[in-house]
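Each chain gets a letter, A, B and so on, in the order its sequence line appears, and its residues count up from 1.
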2 protein chains.
Amino acid sequence: MSLQHDPRQNHLLAALALDEYKRLADNLERIELKLGDSLVESGQMMRHVYFPTDCIVSLLCVMEDGDSTEIGVVGGEGIVGISLFMGGETTPSRAIVQSAGTAYRLKGQLLKDEFYRAGPLQGLLLRYTQALLTQMAQTAVCNRHHSLDQQLCRWLLLSLDRLPTNELVMTQELIANMLGVRREGVTESAGKLQRAGLISYHRGRISILDRPGLEARVCECYGVVKKEYNRLLSYHRPGL
Amino acid sequence: MSLQHDPRQNHLLAALALDEYKRLADNLERIELKLGDSLVESGQMMRHVYFPTDCIVSLLCVMEDGDSTEIGVVGGEGIVGISLFMGGETTPSRAIVQSAGTAYRLKGQLLKDEFYRAGPLQGLLLRYTQALLTQMAQTAVCNRHHSLDQQLCRWLLLSLDRLPTNELVMTQELIANMLGVRREGVTESAGKLQRAGLISYHRGRISILDRPGLEARVCECYGVVKKEYNRLLSYHRPGL
DNA sequence: ACGCTTCCGTACGCTAACGTACACAGCATC
DNA sequence: GATGCTGTGTACGTTAGCGTACGGAAGCGT
C-alpha cells in the first residue's frame, strides 16, 4: 500500500489500535470525490460513513428558499456521517464536497458495530463530535458578530488547515454559498485580501500567499475552534 | 415523593427503565436554580450534570469582548453538561439559568459510569446530543438569514415549549444578550409583537397572549428544530 | 477565429441593525 | 415624597451587507 493512498492518512483511523483498525481495514473502500458531490442529503438514510484523507467536506444547513450556510467543515481530521452512531440515522443538513480528493468509506452498519463495542473508537468518535459541536457553536457566534472580511479569513484558514497545498479550487460563488452571503460580498472582501497581498485569486483558484497575514486579520473564532480540536484530538498513534 | 417534585419530570430520566433509574435515583440531588446562576463556565471542569425539570438553561458562547450569543437552550427535555460523557470534560461555552426553577443534579462520575455501561441511557443521551446539535446548526443559519423579529419569535417559542406557564420572567436586556443583539433592537421587535396583541410586556415579565400568532410569524427554524427533537426523543416511558 | 459560458469586478440605491443619547415610568429605599 | 435604580420607549445619524444591474475578462468548444 503506497503512502500516497493510505486510509490512515485520516487522523481518526490513524489513532486506532492496530487490531481495531484491522477489523475495519478490509471494508474500507477508497473513493474519489469530486467538487460538489453530495455525501449526505437532508433527512435521507446514509449507507456509509466517510473518512476523508485529502478532501474537504462542508456540512451545510439548507433552508426552504434555497439559502444555505455552512455549519461545519470536515477534512482528514474527521468523519462524515456522525448521525449514524449518534443514533439519529439522519440529519436535517447536507454534506457537500468542497475540495476534491480521496476518502475511504465504510458501510454504516460496520461502523455502528464497532462503535457499540465501546472500545477506543467510541471515545474517539465522541470526542470528535464534541469538537464539531464547538465548531458549529463558534460559527453561530461568528455569523452574528463578525464582519464578512473576518469570516472569509476564518473560512480560508479552516480550509487551508485541511489541505496539503496552499491552493484551493473554489469560486467566489461557492464561498458565498458556504458563508451564506452574496457573491458580490465575497468579491469585495477577497479583493481587499488580494490588494493586501495575502491571497491571489484567479478564476476559481485561490493561492494563499501570506498565511500569517490572514491569521492577523481573522477573528478569535478560528483560534477557539482550532485550540479545541487540538485539545480533544491530539492523540498518539498507538500500535504503529 | 410529591408529583410536584419528581426527578422524572425530566424527560430523559423519565425515559429510563426502572432498574436503570433506580441506580441513579438516590444520587439525584434536588437543587433550586435562580435566574442568572451559572452551571458551566468556559473551560472549567464540571462536577455535576443537571437534569432540569421546570427551569430553562441557556448555552452561551461568549467572546473576548464580552459579546455573547445563545447557541442552544435546555429545559425539561434535556441535560446540561454533555461534554462530560462526550469525553471532552469541558467546553468553551457557558450555561446560564434563563428561567428560575428546579433541576436535579448528579455527580459527573456517576453519569459517566452509567453511560459507559452502554445501556439505554447511552443511546438516549447520544440522541439528545444530536438534537442539540441540530438546534445549534439551525441557530447558526437563523443568525445569518432571518430578521430580528423572526428570531425573537423563535426564541419566545423555544422558551415557551420548556415552560409550564405562559409567562416568562426576562428583561429585554437579557434577551438581547441571548440573541446577541442590541437591547434597543429587542425593544422594537417586542413592541411590534405587543402592538399586534401577541404578547404583553411589563418590566421583566412577558405574557404570551397569542401563541398561534407567534407561530405564524416565526421562521422555519423553529419548526425544523422542534420536529427533530420529536423525531429523536419521542420515546415511550418503559417500566412505568 | 468566433461565440458562449463562467467567473470576477464595480456601481448604486436600499434596509436592517448598530452606536449613542436621552426621556420617562415603575419600584424600592430612606 | 425625594432619591436612585432598573427597565422600557424613542430618536437619529452611521454602516455593513443586500438586491440588482451591468461590463469585462478568461477559458472552452466548434
Side-chain donor/acceptor contact of A/Arg183 with base of C/dG9 under 3.5 Å = yes

Give one of base, sugar-phosphate or nothing for A/Gly185, where a contact means two heavy atoms less than 4.0 Å apart.
-> nothing

Is the shortest heavy-atom distance from the side chain of B/Val73 to the side chain of B/Gln98 under 4.5 Å?
-> yes

In plain terms, say whether A/Asp149 and A/Lys192 are close enough for a salt bridge, that is, a side-chain N and a carboxylate O under 4.0 Å apart.
-> yes

Whole-Å distance between D/dG7 P and B/Glu188 CD?
-> 20 Å

Quick one: on DNA chain C, does A/Ala190 or B/Leu148 contact a more 5' nucleotide (nearest heavy atom)?
-> A/Ala190

For A/Gln172 and C/dT6, is the shortest distance between a side-chain N/O and OP1 or OP2 below 4.0 Å?
-> no

Over 12 foreign heavy atoms within 6.0 Å of CD, B/Gln194 | yes

For B/Glu188, does the CD atom sit with more than 12 other heavy atoms under 6.0 Å from it, leaving out its own atoms?
-> no

Protein-nucleotide distance (B/Asn143, atom CG; C/dC18, atom C1'), rounded to Å = 16 Å

Distance test, side-chain N/O of A/His202 to OP1/OP2 of D/dG27, below 4.0 Å = yes

Interatomic distance where CG belongs to B/Leu193 and P belongs to D/dG9 [whole Å] = 12 Å

Within a radius of less than 6.0 Å around CZ of A/Arg47, do more than 12 heavy atoms belonging to other residues, nucleotides or ligands occur?
-> no

Report the distance from atom NE2 of B/His145 to atom P of D/dG17, rounded to the nearest whole Å.
-> 14 Å

Between P of C/dC7 and OH of A/Tyr201, the distance in whole Å = 10 Å

Integer-rounded Å distance: C/dG19 P and B/Asp65 CG = 10 Å

State whether A/Gln194 places a side-chain N or O below 4.0 Å from either non-bridging phosphate oxygen (OP1 or OP2) of C/dC8.
-> no

In whole angstroms, the gap separating P of C/dC18 from NE2 of A/His146 amounts to 14 Å

Atom CZ of B/Arg203 to atom P of D/dG9: distance rounded to whole Å?
-> 10 Å

Nucleotide of D/dT10, D/dG27, C/dA11 approaching A/Arg182 most closely (side-chain heavy atoms) = C/dA11

Go through D/dG17, D/dA26, D/dA11 for me and flag the one nearest to the B/Glu184 side chain.
-> D/dA11

